[in-house]
K.L.:
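Here it is, the structure in full.
Because the structure is predicted, anything quoted here is derived from the model rather than measured. Each residue takes its place number in the sequence, starting with 1. Indexing begins at 1, ligand by ligand and atom by atom, following the structure's order.
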Amino acid sequence: MKTNLSFANPVELQTECLVVVALDHGQMEKTEVSVETNQAEIKDAVTDVIASREVTAKIFEPTLLHRPAKLKAKRLLLLGGGKAKDFSSFELRRLAGAAVRTLKARGLRSFAFVAPNNIAGEDAVKAIVEGAFVGNFDSDTYKSDRKDQNIDALTVVAHGDQARVQRAMNEAGIIGESQNFTRELVNEPSNRMTPTMLAEHARKMADEVGLKCEVYGADKIKSLKMGAFWGVAQGSDEPPALIVLRYEPPNAPASPVLGLVGKGITFDTGGISIKPADGMEKMKYDMAGGAAMLGAMRAIALLKPKVKVTMIVCATENMPSGKAQKPGDVQIAMSGKSIEIINTDAEGRLVLADGLFYARQLGCTHLIDAATLTGAVVVALGYVNAGVFANDEKMYQRFHQALEKAGEKMWRMPLDEEYKENIRSNIADIVNSGGRWGGAVNAAMFLKEFAEDTPWLHLDIAGTAWMEDAKPWIAKGPSGIAVRSLVEFAKAFAG
Ligand code: BES
Ligand code: MN
Ligand code: ZN
């Protein structure tokens, strides 16, 4: 999708469709709809439809008018944004996605979105462009009757300082494309996204954007003594891949080094502790954490913040076989800790244990991991919020700000010492499954053993990496969660 800016009067804009936001300025139950523009011609064009009370400005409510009088646009889309007092960049981002999805379903290829004047120019443009990229993605790649309906060109009618607004647009385009890059990886089924193929995608992307890329196989995993990672990988006929990307800009200080570690299980059968058949097909998305890290690295390489970033994705299948690890087995992680395998389906924490430790060995001073780690986080937070865990307050506060900037929803979860009891083993240092209660916390406590005293965040995206239903602003399928927040974090971390 091409994006361009316009500072012209939207009334004069020749476009397939001009999109304007309608907000409800009424107090409490009363509705009082008005359109967010200063142009009298646009206000005139919507006067009748607003007076009819057909328009309530409820969020995502679309009202499409053809041949609006006094406008050069062929159509005018009045898009509800909800209560004016609650309206922010967060809603605007989703509205832009909804505009894309509404108009592409009608076969339009281009349109113009008028940035509402109650949000600062740069923030508005950033939200609109990111949201439009999110909305433009569809996951029907393998349908033979796929209608290739996408928006090719978006114009944003903006206000504010031209140079800064232009920069915001460029950044947002990079971030939106990177989020969709992640979603493409996650969307692929496991026969078309083996660990080897994931590594090839990583290498190709790294070449394109100028990142250093190393890919290691079973030999290296064994020689690094990554017993936890190998314990999972040993059961599969597909070779595992340890993917390392490095972003080392010449102008960055030697320290800090941000480490991004992703779970890259390209298919999770559960292993010998096999999952029920019902819904197992979804476990192709168990590499969404790894894919999020790849998308974030792509954006970071293009946006060039002055900070070193090292990314590690531990990619393997989790399969049952004659070579697979079995419940009761003991594995020695790279850090030297011994792990009793209670449940082979708790494999994500095993690959991440070695990924986190290796990141520290490579010199990372701060760590973030992302993983579709537990069903329990879905029980706790549903499909709305991802879970965030932190062993460091400052790091959490920084991430909280990044979430706000990115418009992503994650909720902090606890890591009290008391939970440590749940992962005690009789014969080894720890077990890999702390049982059902507080399952998302138990998993995070396990990871904490390998982050040790390094400031660390863990993002459990099991409930948010895949949209179970289509929403007005996003298709059903992979969401690309965490990419935008990780990028905002890295940008701000660079100071
Ligand atoms: N990949 C799953 C977690 C998951 C569940 C992701 C639902 C996406 C949607 C993970 O490897 C897993 O199987 N976790 C187990 C852990 C348990 C055995 C301690 C779980 O959550 O049931
Ligand atoms: Mn599992
Ligand atoms: Zn898994």
K.L.:
So which bit of K263 gets within less than 4.0 Å of ligand 1, heavy atoms only: side chain, backbone, both or neither?
P.N.:
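Near ligand 1, K263 shows its side chain, while the N, CA, C and O stay back.
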
K.L.:
Measuring from non-hydrogen atoms of V378 to any atom of ligand 1, is the shortest distance under 4.0 Å?
P.N.:
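Contact check V378 vs ligand 1: negative.
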
K.L.:
Which is it for K282 and ligand 1 at heavy atoms under 4.0 Å: side chain, backbone, both or neither?
P.N.:
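None of K282 does.
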
K.L.:
Checking a contact table here: which protein heavy atom is nearest atom 16 (C) of ligand 1, and how many Å away?
P.N.:
R349 NH2, 3.6 Å

K.L.:
Partners of K284 by salt bridge (Lys or Arg N to Asp or Glu O under 4.0 Å), sequence neighbours excluded?
P.N.:
none

K.L.:
What is the closest protein heavy atom to atom 19 (C) of ligand 1, and at what distance does it sit?
P.N.:
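Atom 19 (C) of ligand 1 sits closest to the protein heavy atom S433 OG, 3.4 Å.
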
K.L.:
Would you kindly say whether S338 and D429 are connected by a side-chain donor-acceptor distance under 3.5 Å?
P.N.:
yes

K.L.:
How far is atom 2 (C) of ligand 1 from the closest protein heavy atom, and which atom is that?
P.N.:
D268 OD2, 3.5 Å

K.L.:
List the closest protein heavy-atom neighbour of atom 12 (C) of ligand 1: residue, atom name, distance to the nearest 0.1 Å.
P.N.:
D345 O, 3.2 Å

K.L.:
Quick one: report the N, O or S atom of E347 that is nearest to the Mn ion (ligand 2).
P.N.:
OE1

K.L.:
For N/O/S atoms only: which one belongs to D268 and is nearest the Mn ion (ligand 2)?
P.N.:
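The closest N, O or S atom of D268 to the Mn ion (ligand 2) is OD2.
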
K.L.:
E488 and S485: side-chain donor and acceptor closer than 3.5 Å?
P.N.:
no

K.L.:
In the protein, what heavy atom is nearest to atom 7 (C) of ligand 1, and what distance, to one decimal place, separates them?
P.N.:
M283 CE, 3.9 Å

K.L.:
Leaving waters out, which protein N, O or S atoms fall under 2.8 Å from the Zn ion (ligand 3)?
P.N.:
K263 NZ, D268 OD2, D286 OD2, E347 OE2

K.L.:
Is it true that the side chains of D369 and W456 contain a donor and an acceptor less than 3.5 Å apart?
P.N.:
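Short answer, yes.
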
K.L.:
State whether D286 contributes an N/O/S atom found under 2.8 Å from the Mn ion (ligand 2).
P.N.:
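D286 does not place any N, O or S atom closer than 2.8 Å to the Mn ion (ligand 2).
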
K.L.:
Which residue and non-hydrogen atom of the protein lie closest to atom 22 (O) of ligand 1, and at what distance in Å?
P.N.:
G375 N, 4.4 Å

K.L.:
In the protein, what heavy atom is nearest to atom 14 (N) of ligand 1, and what distance, to one decimal place, separates them?
P.N.:
L373 O, 3.5 Å

K.L.:
If the contact criterion is a heavy-atom separation under 4.0 Å, does Y285 count as touching ligand 1?
P.N.:
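Y285 counts as a contact of ligand 1 under the 4.0 Å cut-off.
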
K.L.:
Please indicate whether any nitrogen or oxygen in K275 is less than 3.5 Å from any nitrogen or oxygen in ligand 1.
P.N.:
yes

K.L.:
Can you tell which of R183, R101, K147, K143 makes a salt bridge (charged side-chain N to carboxylate O under 4.0 Å, His left out) with D138?
P.N.:
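Only match with D138 under salt bridge (charged side-chain N to carboxylate O under 4.0 Å, His left out): R101.
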
